Amino acid sequence: MRSRDDGSTDPRLWVKVDLGARGQIGPGKIALLRAIDAQASIAAAARTLGMSYKRAWDLVGQLNETAGAAVVETRVGGADRGGAALTELGRRVVAQYDRLLASAQAGGAEDLAALDNLLSGDGG
């Protein structure tokens, strides 16, 4: 069985929300928002996640477009004065995604365990 980055092989839900023509949001974009919040920089967040600066900017643009408003605000000014931060909307998006994920995990725990048993050969 393959292990994830954290070394775990336990089954888990991976939730990606398709919002139709508005776009999608899932673990990758949420991880980017968390990294921007922690690093106060899109460039530093991108480095932390092992993605290119351009990819991070593209994802921020997609998030802003999906939300119809900024989820990340940036400050121009170089190393000393520049940076990025989540807007209130960005913080609310992360919190709501976390609630959705927790709800899905709680509601699907029994079925996830049953599926894992079937796929591991324990469920016949």
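Just so it is clear, the model here is predicted, and its values are computed rather than measured.
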Response to the item:
Separation between CG (Leu63) and CG (Leu32), nearest 0.5 Å, reads 7.0 Å
Worksheet item: Same hydrophobic cluster for Leu115 and Val15, using side-chain heavy-atom links shorter than 4.5 Å among ILVMFWY?
Response: no
Worksheet item: Taking atom CZ of Arg92 as the centre, does the number of heavy atoms from other residues, nucleotides or ligands within less than 6.0 Å exceed 12?
Response: no
Discussion item. Has Ser103 got a side-chain atom pairing as donor or acceptor with Arg99's backbone, closer than 3.5 angstrom?
Written reply: no
Item to complete: Begin from the C-alpha positions of Lys29 and Val93 and carry the test side chain to side chain contact (heavy atoms under 4.5 Å, CB included) through to its verdict.
Response: CA-CA 10 Å; Lys29 288 178 182 170; Val93 165; over 6 Å; no
Worksheet entry | Short side-chain to backbone donor-acceptor contact, Tyr97 and Val17, under 3.5 Å | no
Discussion item. Restricting to non-hydrogen atoms, name the atom on Leu33 and the atom on Gly90 that form the minimum distance, rounded to 0.1 Å.
Written reply: CD1-O, 4.4 Å
Worksheet item: Counting heavy atoms not belonging to Glu65, are there more than 12 under 6.0 Å from its CD?
Response: no
Worksheet item: Can any side-chain N or O of Asn64 pair as donor or acceptor with the backbone N or O of Val71 at less than 3.5 Å?
Response: yes
Worksheet item: Same hydrophobic cluster for Leu49 and Tyr53, using side-chain heavy-atom links shorter than 4.5 Å among ILVMFWY?
Response: yes
Discussion item. Rounded to the nearest 0.5 Å, what separates atom CG in Leu13 from atom CG in Leu101?
Written reply: 7.0 Å
Fill in: Closest contact, heavy atoms only, Arg75 versus Ala85
NH1-CB, 4.2 Å
Worksheet item: Can you name the nearest heavy-atom pair linking Ala46 to Ser52, along with the distance?
Response: CB-O, 3.8 Å
Item to complete: Step by step, work out the side chain to side chain contact (heavy atoms under 4.5 Å, CB included) result for Val72 and Leu86.
Response: CA-CA 4 Å; Val72 174; Leu86 298 187; 3.9 Å; yes
Worksheet item: What distance separates Thr48 OG1 from Ile36 CD1, expressed to the nearest 0.5 Å?
Response: 10.5 Å
Worksheet item: If you measure from CD1 on Ile42 to CZ on Arg47, what distance do you get to the nearest 0.5 Å?
Response: 12.0 Å
Practice prompt. Using atom types as modelled and distance alone, determine if a side-chain donor or acceptor of Thr66 lies under 3.5 Å from a backbone N or O of Arg22.
Written response: yes
Discussion item. Would you say Leu19 ends up clustered with Leu59 if hydrophobic residues are merged whenever their side chains have heavy atoms under 4.5 Å apart, either directly or through other cluster members?
Written reply: yes
